[in-house]
Structure formats: structure tokens, C-alpha cells
Amino acid sequence: MRVLHFVIAFALMGCQEPINNPHPEDLVGTRTLFSSFSERPKHLDPARAYSSNEIEFIGQIYEPPLQYSFLKRPYELEPLTLTAMPRLTLLDAQGRVLPSDAPATKVAQSVYELHLRDDIRYQPHPAFVPAMHQIDPRIVAGLDDFPERASRVVTAADYVHQIKRLADPRVSSPIFGLMREYIVGLGDLGDRLMARQKIGQPINLEAESLDGAVAVDARTVRITLRGRYPQFNYWLAMPFFAPIPPEVERFYARPGMIEKNLSLDWQPVGSGPFFLAENDPNRVMRLLRNPHYHADFYPGSPDLRLPLIDQAVYSLEKEDIPYWGKFLQGYYDSSGIASDTFDQAIRIAPDGTPELSAEMRERNLQLVTALRPSLWYVGFNQLDPVLGGSTVAARKLRQALSIALDWEEFISIFLNGRGIPAQDPIPPGIFGHREGEAGVNPVTHVWQSNHLQRRPLADAKKLLLEAGWPEGRHAQTGVPLVLYLDTMAGGADAKARLDWYRKQFAKLGVQLVVRATDYNRFQDKMLKGSAQIFEWGWNADYPDPENFLFLLYGPNRKAGLNGENAANYKNPEFDQLFVRMKDMENSPARQAVIDQMLALVQEDAPWAFAYIGKTYALRHGWMASRTPNLMANNTLKYTDLNPASRVAYQHTWNRPALWPLVVVLLGAMLIGVLALRAWQRRDQAKGRA
Amino acid sequence: MIRYLIRRLFYALPILLGVNLLTFALFFGVSSPDDMARIHLGGKRVTAEAVERWKVQHGYDLPHFYNAAGEGVEQVTQTLFVQKSLHLFTLDFGTADDGRDIGREIGKRMWPSLVVALPTFLLGLVVYLATALFLVFFRNTALDTVGVVMLVALMSISGLFYVIGGQVLLAKWWQWAPISGYAPGLSGLQFLFLPVLIGVVSGIGDASRFYRALFLEEAGRDYVRTAHAKGLSPFRVLFRHILGNAAIPILTGVVVVIPRLFLGSLILESFFGIPGLGSYTIDAIQAQDFAIVRGMVFLGSLLYIVGLTLTDLSYAWVDPRVRLQ
């Protein structure tokens, strides 16, 4: 029908429906969100997926026990599939119950008891019909070939099964290394399964026991951790801890299924507000409302039952230009802003605040901005003989470089102003971050006239002199100071940025040599601790200061220990404070400890704190206004839109131009006439005498 | 003919083995199994133990070419090269490092590539030949001069410009078709208009100039003069004699690409959202997925050999003087 329509419409241009609508005709006017993805998700298995482009999908499909409250700030956890927040019992080495404020050193085990709601049901799936397990996978092409589907209630055993899957070597869960340190028996289970796999024995998780995760009854899960780990609640809000029905895993494990991409990694089965109805990650992924989704309402609005839309269609868009074009035509509901289109979309008001350009305002767009819970920094390797270590000279050299790196300029040039200079490792919105004067890094900035001001270059030069490198030359030998930046950035795109780095160091007379390398070599250098200066970033796993400060914790260093402390920073005082802080509840006492830690790292300057990025997003006027929640994974269910308004705008913005056809026709006629005349001239030409 | 084909088949085996060996050496020259594990496990919280488990799980814990721990023939067979490469000769592409079946993926992605590439190829061939014949027909006239200048101008423009310019002009400003997208079946026709048109237009400069040169060379030969002297109409001379005799060099360039049409085009598919094979290899290199890289390189080599063989066969078909022995 669309083809016929296309042909007829092209013939009669301008008087029909838009002919450039890339979406299926039957979705016009429906409560469907049209969005995109730029890179196909590698994994959709909740035990394995960790990247943001994977969580974007499975966050809507799977339901872990907890979720982030959509509107509350600072971010706060609330039950999702539980009747209440997990009940925590602390035990000492003899199994005696301890008070909740017991010191971490006395806590031998933390027992979390999770009570499930009784109305959580899975999406319809053939694996829930026993007869479908009898169908030979070799005679089916896909899930649609299984004629029957059913659902069932989520049970405690499903959560336990998923926790066991974290240890399964066939799954390669990225958090197994971390969780084996905490969940009692998980490491042993992983070792057992690995040994079994090595000798070719089959693995059956249902037959395995795990002391640290037990289904007490159909509705109660008990998770036992070694010691105390207050951040565990945040992990319970991630898909790693979503339920997986064992029969689905058995269904997919049959011979012939994996060859047809029928696996949990490709065809997820969850209890969330949506299920994956179409998975063609080379083209489109489609989420459809789960008909068995439990009662769930928009915060404070008991009449707004979630999800608010019926489906979401995500199309693969690898390039910015077609994506932006389709957004402006109204075929995508929201869009980020690429550097190329920033000036078209945004203008900076005289007071420095960003606002929509006149063209975007005319289109009734909304601008949504939010600071990301992430951090970008330049690290100084503490194992390096010139820059690293705790000597006064090395520290002053790092401080001088931290001042010279003008991140305000960087944000203005390379980010179109979309960011704020970082003062310490904790971004805004995370407990421990301090605003205003109290949050100033005294090494690099001062607070003047109610504004943050970078210290003058003279301060950096003075520090450099005290470090024994006056004007960038060694005080005794006169040898110029040459430093090395190891980076994965290369090519024409990165040249301007790398030139900027060179310029910042040159302000102090220091020469910077950029050693651009590929991803593998860069990782090698970092693991061996042989890089000198490097760029690095971190996205929050959860909104707790521990998730940022552990990046500077000594026993977590990268060189030799494979941790996330890429600068290999080691300060015993900081490490002691970290151990204290990580087990504390958010409180003034915890803030005081964090303040001490921040002062230490500001003074030691193992990083030049670069910036905290700001997201700028555009939404069409038909989208309901929503405050972005950058920690929550399951935000699609809160999305709302007005399809009638969208159709009206699409008609207004998409009227094909007729005049170019006339020009082409005239051009063809002109060539025809010229050809005819040339033919006639040749036909009537006479030979020379 | 049969003997010739069998001989070509035997020639192909060492070539494919060499390509396999080269791909293996190049890939593992820049990427170790540890690197592969790290990139597949993601950028966060990757422990040494996780790397080891991944390698064991995916069979990358073996030595490259010689397994000193093995016994007898296992010293050769229990190696990365044999385990990961040789089964390709049975056209078993295996599974990608992310667990997905490569053969199925190729089977799924080749059709969208073909759906765009085949009409572009056929329509392009007609347009380029027609343009070249038109210019040859009007050679030494103002039309020819203007035409050649335009062709040179067209061939001087970057392919990327045609894609972006075409999208902006035809889809964004004039709104004649969707900017990008794809749908299977007849409903996907609306998405083909733009990539096929741009694919054809972007090749006019090069191809038409090339074909024009071939036709001009034929047009200067004695048999053409004789045909004119016999009183044959210019159309008959052009379409029957010149076109027919210029077919062999045209075939050289055309037949060899036919088997590789379904491998797609990286830029065209990337900008138009065509879910084809065009970016499959590049994406795999970026993701350090050796299973896909080796499979696609092997397939590309195989199809190239098939293309060359088909070219030879087509020579014998169009020119009775050629015999394959």
C-alpha cells in the first residue's frame, strides 16, 4: 500500500500524505515513540550487558528489585518488584545480630531479605508453555514459529537463578569479579562451574546450590554478603539482579537454538513494562507494551498508569546528518545536539545561558539540559619518575600543570559550553559534592565576586619554579621538561584537541609530546603503568561517592592489580579514610570524611580534574515535559506524547517541492532539442570538395 | 571447460589458505587474545580472572600455530590457527565472539545489500553505456564537449559529497523520499529511490568516460569505416558493431564485480541505514571480533576468485576465438 501510495504521491506531489515518512504506515497516529540508536547492542543478557546502549533496551525489559525514584533529587532508591525496601540484618562472626550502626570491622555478614510483590508477571513467551519445549528447534526459523505463548508469576527462585548465572563461565558477567568478593559462595560456584566446563561436563545451574542467594519461599529471597557493603542496594537497581526464569534458559539451551540467535543474549524475557517484539539490530528494534505488566503509576498521579506509550521504535542511525534531518522533519521525537548542528539549534544569551535558536523555537521544540553523573580527567601516573610519587617537587609540578590546563577554555571551544570545570572527583548530584565556595579546589581556583576563577598562570609558574623546573627547564642542568600524553585519539578529528593540550603545556614552557596509540596498546600501557599522562573518564554506576572515590583508592590501582585507579594513586591517609567512608550512611559525619579526602586529592593532584559534561537534548512540542533522570534505567515507561499533534506537524513540515521536477523536465527537453539539431546538422552536412 | 574449472578450483585453494594465514597473522599481530577479551568484556571492572575465563570460553587460550602441550597431531590441530580458520573451507563461518551465528548474519544482511546494489549496478550500467554511446554518437560536436566537461566535473567530486548533498537536496529540502531507512519487501521501495539514484549519479563521471573511451577506440577501427561505407545507418553501426566489439573490455570490469555485489557499500549503507554487509567487516575490526573478520575476508577472497573465473567464462561466451583449456 505504501508503495502504491509512494508512486501515486510522487506523481501528484504535494496533495497527499508525506511521502518521506520512514516509519511504517500503520504506526502513524499511534502512541509510539520514534527514537534511534547508533551502535548495535552487543549483549541483551542482563547478567552480561553493562554498556549504556545495552542498558537502554534491557532497562525497559527487565525488572530488578529496586529502581530510582523518577522525580526525587538527590537520587533515591525505591522498591520496584518488592513490597518494601530490602530488610538488612548485620551478623557478627558468631552469627549474632548486630545493630544497624555497628562498625564495619565487626560485621561478618550482611543478610538482605527481599519480599516480592505477588503481581509481577513475565511477558508472553513460548518457554512458559511446556509443549513448546517439545518442538524441534531445527524446524523453526524464529520465536514467531512457536504457536503458543504464556506467562507466569515471577518467583524468588528466578532471582536466585540469575545470581547464580553471574558465576556461569558461559555468560562472562562483568560483575562476577566484584560480586564474588561479597556474595557468599559465588566465587566457589564460579570455580566449580569453570572446572566443569574445562573437562567438558554439562552445567546445570538449577542443580547447583549457592549459600549467598537462597529462595526462602516463593516470595522471599535472602542474599548473604561477606562483611558490610552499603552500596549493594544500588546494584539491586541494575538489570544484573533481574529475575531469569530457569525454564527460559532450558528452552534456549536446546541444540539448534543458538544457531538461530535464539538465546537470552538476543531474545530477552523479562517482566518489565515492555518486551522486545522485534530485534533486528542492523535496522530496527521495537519494544512493545507488556500486556502482563503490573500496576505501576506515574509518581503522584494515581490516574496515570504506566507505561504511557504503547511501543517504542528504535532505528539504527549511524550518521548524524540523516538523523538530524529526520528529527527536523518530525520523524524522531527527540534528539541530542551534535557539534555540527549546535549553532543551528542553540544560541547563547547575553547572560551566558543557552537557549533555543529562533528556528527551533518556531518548531516548538523544548530544550532539556542536565549535568551528567560522570567525570572527565587527565591523570598523572603516580609511578612515573618525573610526575609521580609523593615528593614535594612532583606534587608541585602536577599542581602547576593542573592550573595551566584551562578547562574553561576547553569547554568553550570543544564542548560548545556544555560542561562545567570539575573541582574534585565527585560530580554534582552525588552526595559529597559541594557547591559554591565550599566546593572550590584551592590549588587550581579561587572564589572571586561569587564566581569560580582559575588561578593566574603566574601561580603555576611559581609552583613550577618551586618544583625545580623554572620556565620549563631543569634548575640545575637546564634540560627542557618534556612530558608525554598517551592517548587513543588520533587523526584529523583529534588534532585540534591535541594541539590544545600542547598549547596549555607550552604556556609553562613545558614540551608535550603526544603519543597517539590504538586501543590495545593504550590498555597495555595502562595495565603496566607505563603511560605518563593520559585522558580518562568515569560514568557513575550508582549515585554514591564511593563509586568515584574508589578510582583513587590505592588497593584498586590499575598497574599490577588490574583495578580502576588508573593514575595508580596511593596515599595511606586517603585509603584509610576511604575504608571508613564507604561503609557509612550519608550523614554530616560522612560528608566530613569526604571533605578530608577531597582536600587530600586536591593537594596531591594525581588528576587534573577536567570537567563534568552537560547533556543538551531537544524534544518536540508533542512530547510531555519530563525532568531527565540520568541514573534510572527504566525511564521509557514515563515517556508520554501526543500523536495527533505529531501528525499535524509532520504534515506541515513535509510538503514535497514540485519545481525541481519541472526544471529537470525542461533540462531533458533542452538536451533533446540540442541533440536533434546536432543530428540534423550532421545529416545534412556535405563532404568537403 | 570442465578441466579448466577444476584447475581453477585447485589454484584457489592455496590462495585462500594464504589469505587465511595473512589475515590471521595481521589480526593477531595487532591484537592479542587478552586485548580481544578486554574489549568484549567492556571498559569497566575487567579483572584478570574475567579475561582468562573469556579466553577459555571462546577458545582463545590456545597457542597460535604450535601446541607444545599437545600430543601427536594435536600439536598442530589444537592451535588457534587450525581451530579458528580451517573450518572456513567447508563454508562453516562459526559464531562471532559475541555468540551470534555468522553464517546466519551474512545470510540476513546480504539481501539488503543486494537490493540496493543490484538496481544500482544494472541501472548504472544502462545509464553509463547510454551516456557514453550518446556522446560517441555526437562526437566532435558541442554536445560531446560539454558532456565530457560535465563528466570530468562529476568524477572530480567526492563520493561522500554525493551522498550528503543528495540527502540534503532531495530528501531534506525537496522531501521527495525518506532521508534514510530500510524495509523488507515492496514496502521498502520508497527507501531505494535515493540510494540507487545517488549510487548511479555518483558513478556517471568515471564509468561513462571509461566506456566512451572504449567506444571511441572501436569507432576508429577499419571495420566501422567499412560499415559506414556500406551505407549502414549510424545507429546500426553504433549499437550492433561498436557496442558488440567493445563488450569484452566492458565485461572485464562488470562480471568480476557481480558476485561481490551483495557485500555492499560501506558509505552508502551507513548513511542510508541499509542493514547490509557493507559495514559488517569494519564494525568487526573495531570490535576486534576475529571470527567475523576472518569469515568476511575469506568470503571476499572466494567471491573475487569466483568473479575472475566468471569473467574468463564470459570471454569465451562473447568471443568465439577464446577457448578455455
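Letters go in sequence order (proteins before strands), and every chain restarts at 1.
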K.L.:
Count the heavy-atom pairs under 4.5 Å between each of B:Gln288, B:Arg100, B:Gln167, B:Lys108 and chain A, then report the option with the highest count.
P.N.:
B:Arg100
K.L.:
I need the A:Lys318 NZ to B:Phe272 CZ distance, nearest 0.5 Å.
P.N.:
14.5 Å
K.L.:
I need the residue from A:Asp541, A:Asp518, A:Asn539 with the largest number of non-hydrogen atom pairs under 4.5 Å to chain B.
P.N.:
A:Asp541
K.L.:
Over all heavy atoms of both residues, which pair between A:Gly325 and B:Ile179 is shortest? Give the atoms and the distance, please.
P.N.:
C-CD1, 3.4 Å
K.L.:
Count the heavy atoms of every other residue, nucleotide or ligand shown that sit under 6.0 Å from CZ of A:Arg677, and state whether that count exceeds 12.
P.N.:
no
K.L.:
What heavy-atom pair brings B:Phe191 and A:Pro22 nearest, and what distance separates the two atoms?
P.N.:
CZ-O, 3.1 Å
K.L.:
Tell me every residue that passes side-chain contact (heavy atoms from CB on, under 4.5 Å) with B:Thr141, counting only those two or more places apart in sequence or in another chain.
P.N.:
A:Arg682, B:Phe138, B:Leu143, B:Asp144
K.L.:
Taking side chain to side chain donor-acceptor pair (under 3.5 Å) as the definition, give me every residue that meets it alongside A:Lys260, ordered by chain and number, with sequence neighbours left out.
P.N.:
none
K.L.:
Which atoms of A:Leu178 come close to chain B, meaning under 4.5 Å heavy atom to heavy atom: side chain ones, backbone ones, both, or neither?
P.N.:
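Side chain of A:Leu178 only, per the 4.5 Å heavy-atom cut-off to chain B.
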K.L.:
Quick one: which of A:Asn282, A:Asp265, A:Ile321 has the most heavy-atom pairs under 4.5 Å with chain B, could you say?
P.N.:
A:Asn282
K.L.:
Do B:Asp35 and A:Arg521 come close enough that some side-chain heavy atom pair is under 4.5 Å?
P.N.:
yes
K.L.:
Quick one: what part of B:Pro234 sits under 4.5 Å from any heavy atom of chain A, side chain, backbone, both or neither?
P.N.:
side chain
K.L.:
Do you know the tightest heavy-atom contact between A:Lys42 and B:Ala287?
P.N.:
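The answer is CE-CB, 4.4 Å.
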K.L.:
Relative to chain B, which segment of A:Asp320 carries a heavy atom at a distance below 4.5 Å: side chain, backbone, both, or neither?
P.N.:
neither
K.L.:
List the atom of B:Trp176, the atom of A:Ala657, and the distance in Å for their closest heavy-atom pair.
P.N.:
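In terms of heavy atoms, the two residues are closest at NE1-O, 2.9 Å.
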K.L.:
So which part of A:Asn556 gets closer than 4.5 Å to some heavy atom of chain B, the side chain, the backbone, both or neither?
P.N.:
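It is neither, since no heavy atom gets under 4.5 Å.
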K.L.:
In Å and rounded to the nearest 0.5 Å, what is the CD1 to CD distance from B:Ile102 to A:Glu259?
P.N.:
12.5 Å
K.L.:
With the side chain counted from C-beta on, respond yes when A:Leu527 and B:Arg38 share a heavy-atom pair under 4.5 Å apart, and no when they do not.
P.N.:
yes
K.L.:
Please determine, by modelled atom types, if A:Gln523 and B:Asp34 share a side-chain donor-acceptor pair under 3.5 angstrom.
P.N.:
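Distance-only check fails for A:Gln523 and B:Asp34.
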K.L.:
Tell me, for B:Ala171 versus chain A, whether the close heavy atoms (under 4.5 Å) come from the side chain, the backbone, both or neither.
P.N.:
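Only the backbone of B:Ala171 comes within 4.5 Å of chain A.
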K.L.:
At a heavy-atom separation under 4.5 Å, does A:Asp168 approach chain B through its side chain, its backbone, both, or neither?
P.N.:
backbone
K.L.:
Mind checking the CG-CD spacing from A:Asn21 to B:Gln175? Nearest 0.5 Å is all I need.
P.N.:
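Separation between the atoms: 11.5 Å.
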K.L.:
Locate the shortest heavy-atom distance separating B:Ser270 from A:Glu319; write the atom from each residue and the value.
P.N.:
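Distance-wise, the nearest heavy atoms are OG-OE2, 2.8 Å.
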K.L.:
Looking at A:Trp266 and B:Glu105, what are the two nearest heavy atoms and their distance?
P.N.:
CH2-OE1, 4.5 Å
K.L.:
Of the backbone (N, CA, C, O) and the side chain (C-beta and beyond), which part of A:Phe522 lies under 4.5 Å from a heavy atom of chain B, both, or neither?
P.N.:
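It is neither, since no heavy atom gets under 4.5 Å.
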K.L.:
Give, as side chain, backbone, both or neither, the part of B:His58 having an atom under 4.5 angstrom from any heavy atom of chain A.
P.N.:
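For B:His58, the contact with chain A is made by the side chain alone.
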K.L.:
Between A:Lys198 and B:Asp61, does any NZ, NE, NH1 or NH2 come within less than 4.0 Å of an OD or OE carboxylate oxygen?
P.N.:
no
K.L.:
Please indicate whether B:Met150 has more than 12 foreign heavy atoms, meaning atoms of other residues, nucleotides or ligands, lying under 6.0 Å from its CE.
P.N.:
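No, the 6.0 Å shell around CE holds no more than 12 heavy atoms from other groups.
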K.L.:
Quick check for you: to the nearest 0.5 Å, what is the distance between A:Leu316 atom CG and B:Ser279 atom OG?
P.N.:
8.0 Å
K.L.:
What's the separation between atom CG in B:Asp101 and atom CD1 in A:Ile258, rounded to the nearest 0.5 Å?
P.N.:
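It comes to 8.5 Å.
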K.L.:
Do you know which of B:Ile274, B:Thr47, B:Val168 has the most heavy-atom pairs under 4.5 Å to chain A?
P.N.:
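Heavy-atom pairs under 4.5 Å are most numerous for B:Thr47.
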K.L.:
Below 4.5 Å from any heavy atom of chain B, which atoms of A:Ala141 appear? Answer side chain, backbone, both or neither.
P.N.:
backbone
K.L.:
Classify the ring geometry between A:Trp659 and B:Trp174 as parallel (under 30°), tilted (30 to 60°) or perpendicular (over 60°).
P.N.:
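Perpendicular, since the angle between the ring planes exceeds 60°.
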K.L.:
Where on B:Phe137 is there a heavy atom nearer than 4.5 Å to chain A: the side chain, the backbone, both, or neither?
P.N.:
both
K.L.:
Do B:Tyr182 and A:Asp280 make a side-chain contact, defined as non-hydrogen atoms from C-beta onward lying under 4.5 Å apart?
P.N.:
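They are not in side-chain contact.
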K.L.:
Check whether any side-chain heavy atom of A:Ser172 lies under 4.5 Å from a side-chain heavy atom of B:His40, and answer yes or no.
P.N.:
no
K.L.:
Report which part of A:Arg681 has an atom under 4.5 Å of a heavy atom belonging to chain B: side chain, backbone, both, or neither.
P.N.:
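Neither the backbone nor the side chain of A:Arg681 comes within 4.5 Å of chain B.
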